[in-house]
Structure formats: structure tokens, C-alpha cells
Amino acid sequence: MNYTNAIAENYLISAILNDPDVITDLKGEGITQDSFHGHLPKLLWNKLGKLHAQERNHEIEIYEMSDEISGSPNAQELKKGISNIRCEYAGKEFLKTHIKTVKEQQALRKGHIVASDALVVLEQGGSPEEVSEALRSGSEAITGIISSQADWKTSEQSTQEFTEMLARIHQEKSEAGIPTGVHHVDHYTGGMRANELWVVAAPTSGGKTVLMLQFMANVLKLGKKAVMFSLETDAERVHGRLACSTQNIPMGRIMGNSGEVMTKSDFIKIKDYITEIKTADSLVICDSDSITLDDIESKLARLAEIDTFDCIVIDYIQLVEVSDAKELPRHEQIAKVTRRLKQLAKKYKCPVITASQLNDDGRLRESRAIGMDADCVLMIDPEAGDIGLAKNRNGERGVKLPLVMNGVYQRFE
């Protein structure tokens, strides 16, 4: 397959022929000569681009009548072709649609090349990591192609977006983050917003998973959907903790610790919890203990094809393996994890909640990049009996929240 759309390619060129300054907008959207597959559109893109760069827009407006075209061996054919393309223009309101189509077709052509290159690596005996890296670099190139807007914005564009954001916050009330269900946290942060990376940090057994699950439980309570990658806790124990916290059943009783026995009331609550979770079908759990960053990304991509989700939970950073960076120092591996988790938050337009261990001196373990990439960092201090708001990109930081873990009911209060 050629993966091309002649109508869309011709429309972009017709826009330039009718309004030469459009070429600036197209370049801003990432259009290049590689965006065109047809011979004539590609030829015209290069020729017209040079004229525009030399501020010779008047020549673009009559290009089919130029000496360059008249003197070419197939002058009549070129004149007719350019005139036909010029006539296809019907206004800027259709331009964005055709830009999107051209970029999608370019991405498909790139995808075909990427797949072929990966197949060559495979046939030459390359390792799974080498095949994965070939696919990854290609995937990043494809993502760059289909980006819907330029990497830069004019003052007019950016201030317009700022105005629209204010309207969403103060008039439509649609910009607020998802509440964590913990009043003190929501008061200072405004909740977990789309595109944000949240990190819960604590010493070993300090309550990282408890707080993350408490946040996730409120996401589910609000009728939203969550995906959890639990690298340390099996799925059944995740449900045990959620049921404990939301149904007010002591965790020791659920787990049968020290001879504790479930009561009839407890079983009724558990039945209600199970029915609610199954009916809503709003929670997906992956509990593999050796999952890689690539696995997380591929599983999310497959899930996104099936349905949307509102929150991603990953327990926890130091357990995520990076298959294509094993030769790097540990702090660089961790930095790669947090950077890509932040990218996932932006890609799926939802908060990503994860956790990190703390060093003996109370700092984020193994890499400062964890704090740099995060939008919000909550540090649990079991000894002081509080949670420090170490980073809060959207509000006050350095605040001590008077929250203590209630281990019996697996929540902070």
C-alpha cells in the first residue's frame, strides 16, 4: 500500500498557491517534504517553499505561468496539473482536516518502514531488546509525525488557551482534578488532574500502597475507571485492602490473622463490594512481579483500544524494570522510568499515581529525577505522624498534613 491521500496533499498545496503565507502555518504543524507522497505535491512544496523563503509570494500566486514552468519539457502537463490543484482550495476551515489526513498517511508510511526494519533485526538474530528498541525509536518518530500542533505557540494562541482554562476553572468548573477522598490532600492540591504524575514516598512498610489504594478507591467510588500495575501485591490482596478500607472490615479479619473470624455482616459487606466492582467493571489489575516499562506501555495501549480509563496506578517505581537501559547507572534507569510515566499521564490525559521508597536520610531513593518529573510528591513520615507535601506544582508546598495510617482499616485518617 502507498498510504497516501491525493486529495489532502493537493489541498495543502492549493492553500499555498492561493495564500502563500499558509506555508508558515503548515511548517508550524510539522509538515515537511516527507509529508507528501505524490510527485507533483512534493515538487511544488519544495519549489513554493523556496520562493516563500525569498519573499517572492507574488510568483507563487501565478506559478503555473512562470518562466520556470513554461520552460520545462512537460510544460503543458505541469500547467494543467498546478491549475487543477489551485482550483481545489475552498478556504482555511477545511485545512486542519487535510493536515491531519496528510500526517496520518505519513505516519502509516513511517510505520511500514519501522516494521520492516524491526523484521530485519529479528531475521538477523537480534535480541528481543534490540527489536524492542527498533520499534520504540520508530514509535517515537510516528508520534512526532501525528502530533496535532506545533511545538511552539504564538502569544495570541497561548493567551487564548489561558483564557479558556480560566473559563473551565471558574465558570464551567470542569478543570478540577479527581478528588483523592482525603480532605487535607484535596484542599492543598485541588485533586489529581489530567497529565499529572503523583508520587507517594515513604520508608519501607511506611504506607505507600495504602495511600495509593485509598486514592484509587475514591476514583472508583466516583464512577471512574482505573488501571493498576501491582508489582508487589497480588490482585486478590489488592481487593482485600480495598474491601477493608471501603467496607470498614479489619484487615486482620479478612486475612484470618491470629484466628480472627469473619462475621456474617462482614461477608455481606464483602459480597456487596464484589458485586459493585464486577458490575461497574471499572478496575483492571496487572499483578505480574517482573513487569517492564515496555509492558506497561503496551498493555495501556491495548486497553485504550478497548475503553477509556481515568487513572493509572503503578506500585512502585523501584520495581519497574527498564529492559532497554540495563547498561545505564541505576539513577539513570529510574530517571527514564519517571520521565516516561509523566509522558503516559500526558498521552492518556489522566493522572498517574506511583510510589517511591525513601533513603535512610529521608530522600527519594536512587534518583532526584523522581521529584523533578513529579507534579505532586507526598512524603509519609510514620514517626512524626504526618504526610509532608514536598512538591505541589499547583499550590502551596512544604505543608505538613496531620494524617496517620490506620493499619486496621488500611487508610490514612
Side-chain angles (χ1 to χ4, degrees), residues 136-137 139-140 143-144 147 151-153 158 165 175 177-178 180 185-186 188-204 206-209 211-212 215-216 229 231-232 291-294 296-297 300 311-381 386-401:
R136 176 186 309 290
S137 59
S139 176
E140 291 174 352
T143 300
S147 175
D151 292 333
W152 48 265
K153 294 173 181 175
S158 58
M165 181 193 75
E175 191 75 7
I178 302 173
T180 65
V185 175
D186 291 331
Y188 285 101
T189 65
M192 303 176 292
R193 293 179 174 85
N195 306 335
E196 289 188 344
L197 174 62
W198 280 45
V199 176
V200 175
T204 302
K208 301 185 295 295
T209 302
L211 189 57
M212 285 195 298
F215 291 172
M216 189 175 77
F229 295 89
L231 286 74
E232 192 174 43
I291 197 167
T292 67
L293 197 53
D294 290 342
I296 291 174
E297 292 179 335
L300 287 172
C311 177
I312 301 168
V313 179
I314 301 169
D315 187 16
Y316 55 90
I317 290 174
Q318 281 80 16
L319 293 179
V320 178
E321 297 181 6
V322 189
S323 58
D324 61 344
K326 292 181 178 179
E327 75 286 353
L328 296 177
R330 183 60 179 163
H331 71 277
E332 291 186 23
Q333 293 184 35
I334 294 297
K336 193 164 188 176
V337 172
T338 58
R339 183 167 58 252
R340 281 164 62 183
L341 293 186
K342 174 63 177 177
Q343 290 171 349
L344 287 175
K346 296 179 72 173
K347 178 178 180 179
Y348 294 108
K349 295 179 174 56
C350 72
V352 171
I353 311 169
T354 188
S356 171
Q357 293 179 333
L358 291 177
N359 293 329
D360 292 338
D361 60 359
R363 296 179 180 273
L364 293 165
R365 183 177 171 185
E366 296 184 316
S367 178
R368 288 182 298 175
I370 298 172
M372 294 176 183
D373 291 328
D375 296 279
C376 180
V377 179
L378 297 163
M379 287 193 172
I380 302 170
D381 189 341
D386 61 35
I387 297 178
L389 191 53
K391 183 174 182 181
N392 181 18
R393 201 181 294 276
N394 297 305
E396 186 178 356
R397 66 174 65 186
V399 181
K400 297 294 184 180
L401 310 179

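Only this structure's heavy atoms are used, side chains among them; waters, hydrogens and symmetry mates stay out.
- A distance of 3.5 Å separates OG1 in Thr338 from CG in Asp373, rounded to the nearest 0.5 Å.
- Of all non-hydrogen atoms in Tyr188 and Glu396, the two that sit nearest each other are CE2-OE1, 3.7 Å.
- Remark: side-chain polar atoms of Lys208 are not paired, donor with acceptor, to backbone N or O of Asp315 under 3.5 angstrom.
- The side chain to side chain contact (heavy atoms under 4.5 Å, CB included) with Glu196 is formed by just one residue from the set Val352, Ile178, Asn394; it is Asn394.
- Side-chain atoms of Asp186 come within 3.5 Å of backbone N or O of Thr180 as a donor-acceptor pair.
- Looking at Gln333 and Leu293, their side chains never come closer than 4.5 Å, going by heavy atoms from C-beta outward.
- Note that the CG atom of Leu300 and the CG atom of Leu344 stand 6.0 Å from one another [nearest 0.5 Å].
- Taken to the nearest 0.5 Å, the CG atom of Asn195 stands 7.0 Å off from the NZ atom of Lys346.
- Partners of Asp375 according to the side-chain hydrogen bond (donor to acceptor under 3.5 Å, both in side chains) rule, which considers only residues two or more places apart in sequence or in another chain, are Lys342, Arg393.
- To the nearest 0.5 Å, the span separating CG on Leu341 from CZ on Arg339 amounts to 10.5 Å.
- Taken to the nearest 0.5 Å, the CG atom of Leu211 stands 5.0 Å off from the CD1 atom of Ile387.
- The two residues Leu358 and Met379 come nearest to each other via the heavy atoms CD2-CE, 4.0 Å.
- For the residue pair Gly206 and Ile380, the shortest heavy atom distance occurs at O-CG2, 3.3 Å.
- Although no hydrogens or angles enter the test, the distance criterion places no donor-acceptor pair under 3.5 Å between the side chain of Lys400 and the main chain of Asp386.
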| For Thr292 and Val320, what are the C-alpha separation, side-chain angles and deciding distance, and is it a side-chain contact (heavy atoms from CB on, under 4.5 Å)? | CA-CA 6 Å; Thr292 67; Val320 178; over 6 Å; no
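- Ile314 contributes atom CD1, which lies 16.0 Å from atom CH2 of Trp198 (distance to the nearest 0.5 angstrom).
- Here the closest heavy-atom approach between residue Thr189 and residue Cys376 is recorded as CG2-SG, 4.1 Å.
- Phe229 places none of its side-chain heavy atoms less than 4.5 Å from the side chain of Thr354.
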